[in-house]
There are 2 protein chains.
Amino acid sequence: MNKSDKILIIGAGLCGSLLALRLAQRGFKVELYESRPDLRTTDISAGRSINLALSDRGFKALRLCGVEEKAREICLPMYGRLMHDTGGNTFASNYSGRENEYINSISRGDLNGLLLTEAEKHKNVNIHFNKKCKNVDLDKNTAHFKDYKTKEEFSVKSDVIIGTDGAGSSLRKSYYLERKFLFSYAQNYLNHGYKELEIPADKNGKHQISNQHLHIWPRGDFMLIALPNLDGSFTVTLFLSYTEGEFNFENLTSEEKITQFFEQEFPDALEIIPNIKEEFMNNPTGALRTVKCSPWSYQNKTVLLGDAAHAIVPFYGQGMNASFEDVTVFDEILDQGLSDWKSVFKTYQKARKQDTDAIADLAIDNFYEMRDHVANPIFKEKRKIEMDLEKTFPTQYFSKYSLVTFNEDIGYNAAMKIGRAQDKALLNLIAGDEVHTHLNMTKEELKVILEKVKKETNTILEEDKIAGL
Amino acid sequence: MNKSDKILIIGAGLCGSLLALRLAQRGFKVELYESRPDLRTTDISAGRSINLALSDRGFKALRLCGVEEKAREICLPMYGRLMHDTGGNTFASNYSGRENEYINSISRGDLNGLLLTEAEKHKNVNIHFNKKCKNVDLDKNTAHFKDYKTKEEFSVKSDVIIGTDGAGSSLRKSYYLERKFLFSYAQNYLNHGYKELEIPADKNGKHQISNQHLHIWPRGDFMLIALPNLDGSFTVTLFLSYTEGEFNFENLTSEEKITQFFEQEFPDALEIIPNIKEEFMNNPTGALRTVKCSPWSYQNKTVLLGDAAHAIVPFYGQGMNASFEDVTVFDEILDQGLSDWKSVFKTYQKARKQDTDAIADLAIDNFYEMRDHVANPIFKEKRKIEMDLEKTFPTQYFSKYSLVTFNEDIGYNAAMKIGRAQDKALLNLIAGDEVHTHLNMTKEELKVILEKVKKETNTILEEDKIAGL
C-alpha cells in the first residue's frame, strides 16, 4: 500500500465524490467512474430526493476535506419540525433545546456538483461520466463498464477498487454472485413507498410556508413531509403503503381519488401543490429499503463504502451524513499507518459496521415515531421535557435525536444504546407518574427530573448488560 | 381452491414429505419432486446433520398426521446437557425441572424415510426422485426440472407450487431473481462453520458415553456437541470459527495440528473418536446461516414452507420442529375455509412469520449461550433456580427453554418475549443479591423467589410496552 497505488472508485455520487476528493488530498491516483452524465452540465433526475438533510456528522467530513464553508453557503437551516394537522393547524417541535443545533436542507445536485468540482481541481483525479459498471471480476481487480454514449464495453484494472455506487451497487452484486466467500446480505423493504411532489415558490420567489422547518403532516399510516429549497420551492415527499389502508399507491390511480385523498388528509398542502395530479401520475413511486451486508471488502482488492455497504431509509435524515462519516472513519484508518489494504479494509469495517447497523435500525424506528408517536401524548410530554432539559442543562442532557444528529464524536451505536435507554427511562417515568411537568418549570424542578432520568437510564443500561443484551 | 387442485411440492425432505402426507390426507392431488435419490434405498449423505433433536412442536405436527407413535419408536430421549470440561470432568444440566420434558435424538434419514413411506400409502401422492428443480416461472405456475439420471430437462405446470426445498431453495431464488415484487431477503452467516465426526459404538454395540444426554464440550469461542444414535454411535459436531482464534478451520490443515487441538481441548472426546484425522480431513466443513425473507408467497400460485422460508442455525434444536410446526399452522389455515389460495398463503404468513423470525433469533442467542454462558456462574445459578422452580411449581414456572421447547401451544414469538423478560428479571435479581440459593431450598423460600421473578418479569414487559418495544 503506497501513494502510487491506483484507486478506482465506482460511483461519483455524494460519497464517491467526497472520497475521491479526500484520497486525492492524500496523494493517491484516483479514477472516478460514474454511470450518469455530469450533473453540473445536464439536468438529470436520478429518481432520488432532490434535497437532503445535512447535519453535524456530514459537516465533520466536509470540514476534513476543506469544503465545509462552501457547503454551508448553500444550506437552509431547519430548526425543528412543523407539524400540520388535518384542520390546517400547525405546531412546532424543535430538534434541540440548544440554540446552535439544527439540521440543514441542501440540494443533492448542488452539493454533488460542488464536490466534483473540488475533486477535479486535483491533478491526480480523473472523472469519467456515462460509464456504467456492469460487474467486477474480484480476483482480477477488474471492473467492467459500458459507455452509455458510445455503447462500447471496456474493462479497467486497478490496484484497489472502491464501490460507492449506492444502494444498487454493482460491486456488491458481484460479491453476491461470484460466491468467493460467505457473504451475509440483507435487503429489507418497507411496505411503504414514496413519491415526490413540489410546492413551488410564490410569485415573488419566496417560500409559501416557513423555510426554517421540516414540515410534517403525520397521519398514522402515512405522512407527507416537505423540505425547503433555495429557490423558494419545497420538495414534498409522500410516504404511503403500497397496498394497505383506504388509500394506497395501488389504488390511487385516478385523478379524482388523488384529489379526494389530499382534500381529506392534507388540505393545506393541496392548496399550494398546483400540479398535484400531473406530478402524482407522472413521478415514479420509489421503494424504501434497508441494505446490510458483510464483509464489505475482498482481500486487498475491493471495498464498499456509503449506501453500497449500508443503504438506509430516510427517516432519520442521516443517509448522506452516514456516508460522509464513512469517509471520515476511512481516513482515520488510513492515518494508522497499516501496511496493506487488506488490513485497512478489515480495520475499517470493524470500526464502522456497528455504527452503520445502528443508524439503519434508528432510521426504521423513526419511521414509526414520525408517523405515530408525534401525535401520542406521552411522547409529546417526553419531547417537551427533553427540550426543557437541553435548554436548561445544555452540557448535561442530550436527547437520542441530539446524540445521533448533533454529536458527531459519539458513534451511532453508542448514541442508539444511550438514547434508547434514556427514552425508555423517561417514558416510564412519565407513565408511572414519577415526573410531572407544567408550563414554567423551574431549574430546581428540572434538576430533579434530570437526576431521575440519569439514574433510571443507568439502571436500564446496567440491567441490559447483566442480561447480556 | 378445491380438492381437485394439483399441488406440486418441490423438495421431499422432512418438511416436504410431512406436508405431502398432510395434504394427501386432506384429499389434494400431490406431486412431490426431490433432487436426491430415494434415501430409503440409497446410502446418501446430504452433507447435513445425521441426527436431529425432535421435541414437542415436532410431535404435535406428527400427531396431526397420525405418525407420532412411529416416530417415537426411533427416538432416543435426552434429558439434559452433559457438559465436559478440559479435565474430562462432566456435569449435567437438565432441560427441565419437570420429569416428562425431554428432547429426542432421531436420525434424519430414518424419520424422512418413515414420512415418505406414509405419504406413498396415499394414492393421491406421487413421489419423483432425482429431479432437481432449476427454477420456477412464477407467472406461469411452472417449475423447470433436470432429471439427474437421464439428464433430461422438463417442466411441470401445477395449480399450486410449494417450495419445501430447504435453505438453498430454488423457488426462493426465483423470487429473488424474477423481481416480480419487492422481495425482502436476508442471509446471515455466522463466522463459525461446522464439521461432523463420529464416536462409534463399543464392541458390544453400546454407547460409550451416556445416551440420555446431549453432550457439550463448551470452550468459549468454539464447542463440540454429540447426539446419540440408535446403533450405539454418536454424531459429533465441531463448531469452530473459520478464521479467528488460535485454532480455526482455515489453519487446522495438518494431522498434527488437528491432534494437538483435540488433545488440548477435547481429550476425553479424542479418546473415543478413532478416525478423527480422516474424518476431519475428508468431511466437508458446513456453513451456518440464517435466512429470512418476505413475502413467502406469490399471488395464488406459489408459497415457501420450512427452511426455504426460514433457515435457522441449529443451536436451539428447533430447525426441524419449526418446519414441522409450519405444517401444523398451514393446516390450521386450511381449516378456516378461505376461498382462494392467495388468502390462504397471506393468512398463513401473517400467522406464522413472527414466530419463525423469533426462533431464528433465539437460535442465534443460544449459540452464544451454549458457548459462553453455560460456564458463567450467574447463568449457572439462574439455571439452578429455574430447575428448582420448575420442579416445585410445575404448573407455574416455565423457563425460556421450556416455553420454546416443551410448550407447543405457545408461539415462538410469545415464548421469546416472555422468556427473555424472565431471564432478564432472574439475572438481575441474582446480580442485585435479591435472591439467594442454597443446596436444599424449601418450598417457602422458592415461593418467595417465584413471586419476585413474576413481579419483575411483569415490570420488564410493561416497561418495554410503554417504550414501544
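On a predicted model such as this, the values are computed, not experimentally measured, just so you know. So you know, we letter chains A, B, ... as the sequences are listed, proteins then strands, and number each from 1. Heavy atoms only: backbone and side chains are in, while hydrogens, waters and symmetry mates are out.
For B:Lys353, the NZ atom is densely surrounded, since the number of other residues' heavy atoms within 6.0 Å is greater than 12. For B:Glu434, the CD atom is densely surrounded, since the number of other residues' heavy atoms within 6.0 Å is greater than 12. Within a 6.0 Å sphere centred on NZ of B:Lys465, other residues, nucleotides and ligands contribute 12 heavy atoms or fewer. The neighbour count for A:Lys384 NZ, taken as heavy atoms of other residues, nucleotides or ligands under 6.0 Å away, is above 12. Atom CD of A:Gln299 has more than 12 heavy atoms from other residues, nucleotides or ligands within 6.0 Å. With a 6.0 Å radius and a threshold of 12 heavy atoms from other residues, nucleotides or ligands, A:Lys173 has its NZ atom at or below the threshold.
Going from atom CG of A:Asp464 over to atom NZ of B:Lys424 covers 3.5 Å, rounded to the nearest 0.5 Å. Atom CD of B:Glu463 and atom CD of A:Glu463 lie 8.0 Å apart (nearest 0.5 Å).
Looking at B:Asn188, the atoms closer than 4.5 Å to chain A (heavy atoms on both sides) sit in the backbone and in the side chain alike. For a residue to count as touching a neighbouring chain, one of its non-hydrogen atoms must lie under 4.5 Å from one of that chain's; by this rule B:Asn191 does not touch chain A. For chain A, the nearby part of B:Ile378 is the side chain; its heavy atoms alone come within less than 4.5 Å.
In this structure, B:Leu427 and A:Ile466 approach most closely via the heavy-atom pair O-CG2, 3.7 Å.
Between A:Tyr176 and B:Tyr176, the two ring planes are parallel [angle under 30°; tilted spans 30° to 60°].
Between the side chain of B:Gln187 and the backbone N or O of A:Phe183, at least one donor-acceptor pair lies under 3.5 Å.
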